[in-house]
Each structure stands twice: as C-alpha cells, then as structure tokens.
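Read the numbers this way: they start at 1 and go in the same order the structure lists the ligands and their atoms.
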Amino acid sequence: MLWVGTSWKMNKTLAEASDYATRLAAALSDGAPTGVQPFIIPPATALTTVRAILGSDSPVELGIQNAHWADAGAWTGEISVPQAADAGATLVEIGHSERREFFAETDRTVNLKVKASLTHGLRPLLCCGEPGEVFDAGGSVDHIMAQVAAGLDGVDDVSRVLIAYEPIWAIGEHGREARPEDIEGVFAALDAEYGDKVECILYGGSVNQGNAEETLQVKGVNGLFVGRSAWQVDGYLELLRIAAAQA
Ligand code: 13P
C-alpha cells in the first residue's frame with residue numbers, strides 16, 4: 001500500500017479546510033485509488049470539521065501534527081493523543097524537522113510520543129531528516145538511522161509505525177528538490193532495517209506533480225508526504241493519481 005498524504009502545517013481557516021474536505025470527499029466518493037492510502041494532517045483546529053465532512057466511512061485517514069505524550073494534565077497549549085483520537089485522528093505526526101528545530105523537539109520527546117501514540121492505538125508517523133551540512137559531508141545514512149533508532153527505542157512492535165524521511169535541505173520554499181540518487185542510500189538503509197517491519201516508509205520534501213513518479217520508483221519508497229504541492233485539493237488528487245499508477 002502506498003501512503004500518500006499531506007500536512008497542511010499552519011495553514012487554512014475552517015472555511016478553507018471545509019472547502020478542501022468537501023471536494024476531496026466528492027472526488028473519493030467511490031473510494032481511494034486501488035493500492036493508495038490517502039491521509040490528511042490538518043491543523044488541530046480543523047480536525048473535527050474535516051472528519052465530519054469526510055464522514056466516518058471515508059478512505060482518508062486523518063492525523064494531528066503533534067501530540068503530547070501524557071494522557072491529560074497541566075500542559076498548557078498541548079493536545080494529548082486521546083484528545084487527537086477523540087477529534088478524529090488515527091495518525092500522529094511526530095518529530096518533523098520544523099518541530100525539532102523551532103519547538104525543541106528531541107529524540108527523547110519523539111520517542112515518548114511514539115510510545116503514547118501506539119499505547120492509544122494510533123499510528124505514529126515518525127519523521128526524520130538531516131541538515132544540508134550532513135548531506136554534503138556524506139553523513140545522511142548514519143544520521144537518519146540513529147534518529148529513527150532513537151525514535152523507536154524500546155518499541156518492540158513497530159508494525160503500525162510509518163517512517164517519513166524528509167531531508168531538511170529539501171523541505172519548503174527554500175528547499176531543493178531531491179534527485180533519486182540523493183535519497184537512494186538512505187532508503188536502502190531504511191528498507192534493509194525496517195522495510196518488512198513497519199507499515200510504510202515515505203519520502204517528503206518538495207514532492208510535486210513533476211517528481212512524484214520518479215521518487216516513488218526509488219527502491220524502498222512506499223509513500224509520499226507532501227506539503228505545498230498538496231495544499232490545493234486538485235494538486236493532491238493529481239498526486240493520488242500518480243501514485244495509483246505506480247501502485
Ligand atoms: P514541502 O512539500 O512543502 O517541501 O513540505 C514537506 C513537508 O515538510 C511535509 O511534512
């Protein structure tokens with residue numbers, strides 16, 4: 001199964017989220033393309049709205065962009081995994097580089113969040129990625145394997161885990177598109193270690209309608225995690241079609 005999804009990051013009002021979800025529900029009224037598992041990770045404010053519009057029998061899984069490891073308590077500004085589930089999430093995105101860089105996310109907190117997600121029956125979407133300097137120095141594989149091992153430390157059953165490799169140098173408007181040869185080494189290593197153990201290993205970072213096909217052809221890539229190119233529903237639907245042709 002190819003997992004193809006988008007995080008909207010800190011974008012979309014409720015009206016914009018509703019419009020996207022309404023169009024997505026209409027486009028997928030006959031189900032998801034064969035072999036493709038779609039997912040959307042809206043801002044937390046829009047989760048219940050998107051869930052309600054898609055409906056409970058939708059093929060689209062929903063995620064939250066971050067969740068705390070505690071079930072409840074005095075953690076001002078945080079959202080727990082049970083609360084995320086209550087709002088309609090079945091996935092928890094954990095350890096995106098933007099959270100590691102700007103919100104002090106560490107391997108330790110990532111690991112706690114992975115465990116909390118699994119405890120409550122949600123799928124962790126564990127993000128990993130190396131800075132450009134590490135890539136330039138040829139250290140990508142070591143960096144990524146250490147990051148993923150730390151995130152999964154003490155997790156005996158990783159079968160519900162998704163891993164998203166998102167090189168920091170490839171993400172966002174200042175990122176550069178990765179060429180297949182840039183990411184083959186990391187995917188070979190991830191595939192060898194986790195390919196037959198986890199649910200899926202995805203690629204993210206400047207994925208678009210022009211490079212999605214060649215990215216999916218890299219050995220070990222079983223999904224796409226997309227930002228900007230899927231923030232308009234037509235762009236996302238096109239990516240689902242491209243993935244379906246590869247599935
Ligand atoms: P872009 O596709 O906008 O580069 O973002 C990727 C990403 O960070 C997905 O989580």
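Note: Trp231 and Tyr20 fail the aromatic proximity criterion, with ring centroids not under 6.0 Å apart. For Phe225 and Tyr203, the ring centers sit 6.0 Å or farther from each other.
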Would you mind writing out a table of all protein N or O atoms found under 3.5 Å from any N or O atom of ligand 1, naming both atoms and giving the distance to 0.1 Å?
from: ligand 1; atom 1: 2 (O); to: Gly227; atom 2: N; distance (Å): 2.9
from: ligand 1; atom 1: 3 (O); to: Arg228; atom 2: N; distance (Å): 2.9
from: ligand 1; atom 1: 3 (O); to: Arg228; atom 2: NE; distance (Å): 2.6
from: ligand 1; atom 1: 4 (O); to: Gly172; atom 2: N; distance (Å): 2.8
from: ligand 1; atom 1: 4 (O); to: Ser206; atom 2: N; distance (Å): 2.9
from: ligand 1; atom 1: 4 (O); to: Arg228; atom 2: NH2; distance (Å): 2.9
from: ligand 1; atom 1: 5 (O); to: Lys9; atom 2: NZ; distance (Å): 3.4
from: ligand 1; atom 1: 8 (O); to: Lys9; atom 2: NZ; distance (Å): 2.7
from: ligand 1; atom 1: 8 (O); to: His96; atom 2: NE2; distance (Å): 2.7
from: ligand 1; atom 1: 10 (O); to: His96; atom 2: NE2; distance (Å): 3.3
from: ligand 1; atom 1: 10 (O); to: Glu166; atom 2: OE1; distance (Å): 3.3
from: ligand 1; atom 1: 10 (O); to: Glu166; atom 2: OE2; distance (Å): 3.3

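Between the side chain of Arg23 and the backbone N or O of Val233, no donor-acceptor pair lies under 3.5 Å.
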Show the atom names and distances, to 0.1 Å, of all donor-acceptor pairs under 3.5 Å that link a side chain in residues 215-223 to residues at least two apart or in another chain.
from: Thr215; atom 1: OG1; to: Asn211; atom 2: O; distance (Å): 2.7
from: Gln217; atom 1: NE2; to: Gln246; atom 2: OE1; distance (Å): 3.3
from: Lys219; atom 1: NZ; to: Asp191; atom 2: OD2; distance (Å): 2.9

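Pairs engaging residues 154-175 under the salt bridge (Lys or Arg N to Asp or Glu O under 4.0 Å) rule: none recorded [sequence neighbours left out].
In terms of the salt bridge (charged side-chain N to carboxylate O under 4.0 Å, His left out) criterion, residue partners of Lys9 (sequence neighbours excluded) are, by chain and number, Glu98.
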